[in-house]
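Everything on this sheet refers to the single structure shown next.
The structure displayed is predicted, hence computed values, not measured ones. Protein chains get the first letters and strands the later ones, always in sequence-line order, with residue 1 at the start of each.
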Amino acid sequence: MSDLVKILNVFCLLSLLAVGGGSAVLPQMEHETVTLHHWVTGDQFATIYSLGQMAPGPNMSMVALIGWQAAGVAGLLIALVAFYLPSSFLTYGCSYIWDSFKDNPWRDSVQRGMAPITIGLMLAGVHAVGKTACINPNHTTPFNTVTCTIALAVTGILFAKHINPALLMLIGGVAGWFLLRGH
Amino acid sequence: MPPAGNEKPNAREIFRVFAKIGITSFGGGLVAYLRDALVSDKKWMNEEEFLAALEIGQTLPGLNSVNVAIIAGRKLAGPHGAVAAASGLILPGVALLLLLGLLYDRFRHNPNVAAALAGVAAAAVGLLLQVTLKIGAKQFLNLRDLCFVLGTFYLVAFHHVSLPVVLFLVAPIAIILCRPTPTKPDA
């Protein structure tokens with residue numbers, strides 16, 4: 001099976017499984033694109049993810065860069081279309097018939113039941129990118145100490161202050177440049 | 001519900017408004033940008049219409065912001081409106097990402113760039129952790145929910161249980177435990 005067909009399959013499936021926003025598919029995306037298909041390395045995945053968080057627009061458009069690394073411009077286009085089109089079609093169709101099931105009591109059950117699972121998946125997403133971006137066995141302990149400190153500092157600062165996350169990531173980049181150059 | 005005000009825009013105007021958000025929304029928080037543009041600024045939707053669109057967008061798979069764009073675009077100008085809204089929101093960021101990707105490919109072996117990118121990647125992990133803890137605050141404080149949070153995390157992160165398995169085996173259990181209270185026995 002050609003890579004383009006695989007890209008189409010992987011991202012179509014992720015699109016339809018992206019419950020509770022995009023971050024919940026992060027662990028599955030990392031597993032498919034790094035471990036199974038080797039389109040990107042773990043390091044590249046973590047970097048591409050962080051670039052996606054810095055760029056404006058929806059935060060999962062970084063799938064375009066994974067498609068690009070896997071199969072050039074065609075891969076980029078297919079990843080993007082495959083990731084956004086299926087869920088968009090579903091939403092388009094469902095927005096017509098929404099009124100008929102919006103008062104169904106099970107809708108609330110689905111939302112309350114799914115909430116902790118979404119959070120668990122997002123935590124697994126933190127693990128999926130954190131295991132290369134923060135606690136990376138290929139890096140030295142001082143290196144990992146710095147990356148963990150940057151991550152936890154960002155978490156703490158965001159809880160304490162309203163500050164644009166893109167700005168914080170730039171600051172993280174400056175801190176990385178300053179503290180990690182020698183390693 | 002009657003439309004909220006001004007006459008309906010065409011696809012080009014819709015694309016322009018969403019592309020403006022797609023260009024300026026550094027750092028995320030797109031739903032707030034969408035609300036400002038659609039409800040406060042353009043008055044293309046009223047508050048209830050926006051909240052209804054958001055509710056659909058959050059319930060269905062896909063990114064909330066893209067789903068809201070699809071629904072708003074559809075209401076304003078049918079299929080063309082939906083395409084214009086979603087592509088306006090997505091494409092500017094993709095263009096910038098492509099540029100960042102090209103730079104990354106070219107300079108990633110430079111030790112200075114690699115060090116800076118390691119810092120950015122670490123900061124992104126911190127951001128995702130904060131978002132997870134913030135929106136999960138309620139779930140972390142409820143024992144049953146916490147079991148599902150940690151159970152899902154454990155299965156997916158350490159046993160690589162796939163997302164379809166989680167959604168089709170674990171999720172139904174969680175949903176049934178939260179079933180509507182005045183249940184009537186089948187009979």
Side-chain angles (χ1 to χ4, degrees), chain A residues 16-19 21-22 27-28 31 46-47 49-51 53 55-61 64-65 87-88 90-92 94-95 98 105 109-110 112-113 115-117 119-124 126-127 129-130 133-134 147 150-151 154-155 158 164-166 168-169 172-173 175-177 180-181, chain B residues 22-28 30 56 60-67 70-71 74 82 86 89-90 92-94 96-97 100-101 111-112 115-130 132 136 139 145 148-149 152-153 156-157 160 162-163 167 170-171 174-175 178-180:
Chain A
L16 292 174
L17 296 176
V19 290
Q28 180 77 11
H31 185 65
T47 307
Y49 174 73
S50 68
L51 295 179
Q53 301 307 298
N59 64 349
M60 297 306 271
S61 290
L65 290 187
S87 60
S88 294
L90 191 67
T91 300
Y92 192 94
C94 284
S95 68
W98 182 254
S109 308
V110 170
R112 277 187 298 132
I117 290 173
I119 300 299
L121 289 168
M122 288 175 72
L123 272 187
V126 172
H127 176 262
V129 280
C134 293
T147 47
I150 291 174
V154 167
T155 305
L158 284 170
N164 189 320
L168 270 184
M169 284 198 277
W177 172 75
L180 300 172
R181 265 179 305 172
Chain B
I23 293 166
T24 54
S25 56
F26 285 92
L30 277 144
I56 305 174
L60 295 174
L63 304 198
N64 301 340
S65 56
V66 177
N67 286 349
I70 293 280
I71 295 165
R74 194 210 106 204
L89 197 65
I90 293 167
V94 170
L96 185 73
L97 267 174
L100 289 173
N112 286 308
L117 285 174
V120 173
V125 175
L127 167 63
L128 183 58
L129 179 62
Q130 194 265 347
T132 306
Q139 280 73 38
D145 282 354
F148 277 101
V149 170
T152 304
F153 171 66
V156 173
H160 304 294
S162 80
L163 187 53
L167 293 184
V170 184
I175 292 166
C178 294
R179 68 187 170 278

Which atom of B:V94 lies closest to which atom of A:A64, heavy atoms considered: CG1-CB, 4.3 Å

Sidechain-backbone polar pair: A:N164 side chain, B:F26 backbone, donor-acceptor under 3.5 Å: yes

Rounded distance (nearest 0.5 Å) linking atom OG of A:S61 with atom CG of B:L89: 8.0 Å

Rounded distance (nearest 0.5 Å) linking atom CG of B:L128 with atom CG of A:L123: 8.5 Å

Side chain to side chain, A:P58 and B:I90, heavy atoms closer than 4.5 Å: yes

Under 4.5 Å from any heavy atom of chain B - which part of A:Y92: both

Heavy-atom side-chain proximity of A:S88 to B:V66 below 4.5 angstrom: yes

Single hit among B:I56, B:L60, B:I70 for side chain to side chain contact (heavy atoms under 4.5 Å, CB included) with A:S95: B:I56

From B:L129 atom CG to A:M122 atom CE, the distance as rounded to the nearest 0.5 Å: 10.0 Å

Options B:A118, B:A123, B:P111, ranked by heavy-atom pairs under 4.5 Å with chain A, top entry: B:A123

Residue, of B:L96, B:I71, B:L127, B:N64, that accumulates the most heavy atom pairs under 4.5 Å with chain A: B:L127

Winner by heavy-atom pair count (cut-off under 4.5 Å) against chain A, out of B:V170, B:L100, B:L163: B:L163

Option in B:A124, B:A115, B:P92, B:G93 with maximal non-hydrogen atom pairs under 4.5 Å from chain A: B:A115

Closest contact, heavy atoms only, A:P56 versus B:G22: CB-O, 3.3 Å

Atom pair CG (A:L90) and CG (B:N67), whose distance is rounded to the nearest 0.5 Å: 8.0 Å

Which atoms of A:L168 approach chain B - backbone, side chain, both or neither, heavy atom under 4.5 Å: backbone

A:A175 versus chain B, the contacting section by heavy-atom distance below 4.5 Å: neither

Chain A contacts, top residue of B:S162, B:A86, B:A157, B:G136 (heavy-atom pairs, under 4.5 Å): B:A157

Residue pair B:G101 / A:L65: nearest heavy atoms and the distance that separates them: CA-CD2, 4.1 Å

B:I175 backbone acceptor or donor facing A:S109 side chain under 3.5 Å: no

Stepwise side-chain contact (heavy atoms from CB on, under 4.5 Å) test for A:L51 and B:L117: CA-CA 9 Å; A:L51 295 179; B:L117 285 174; 4.3 Å; yes

Plane angle bin for B:F153 and A:H127 - parallel if under 30°, tilted between 30 and 60°, otherwise perpendicular: perpendicular

Most chain B-contacting option - heavy-atom pairs closer than 4.5 Å, from A:P105, A:A151, A:A166: A:A151

Most chain B-contacting option - heavy-atom pairs closer than 4.5 Å, from A:A124, A:C134, A:C94: A:A124

Contact summary for B:A174 and A:G113, nearest pair of heavy atoms: CB-O, 3.4 Å

Side chain B:T132, main chain A:I119, donor-acceptor under 3.5 Å: no

Best-contacting candidate, B:V149, B:I23, B:V156, against chain A by heavy atom pairs under 4.5 angstrom: B:V149

Heavy-atom closest pair, residues B:A121 and A:S50: CA-CB, 3.5 Å

Minimum heavy-atom distance B:G126-A:T155, with the two atoms named: O-OG1, 2.9 Å

Which atoms of B:Q139 approach chain A - backbone, side chain, both or neither, heavy atom under 4.5 Å: side chain

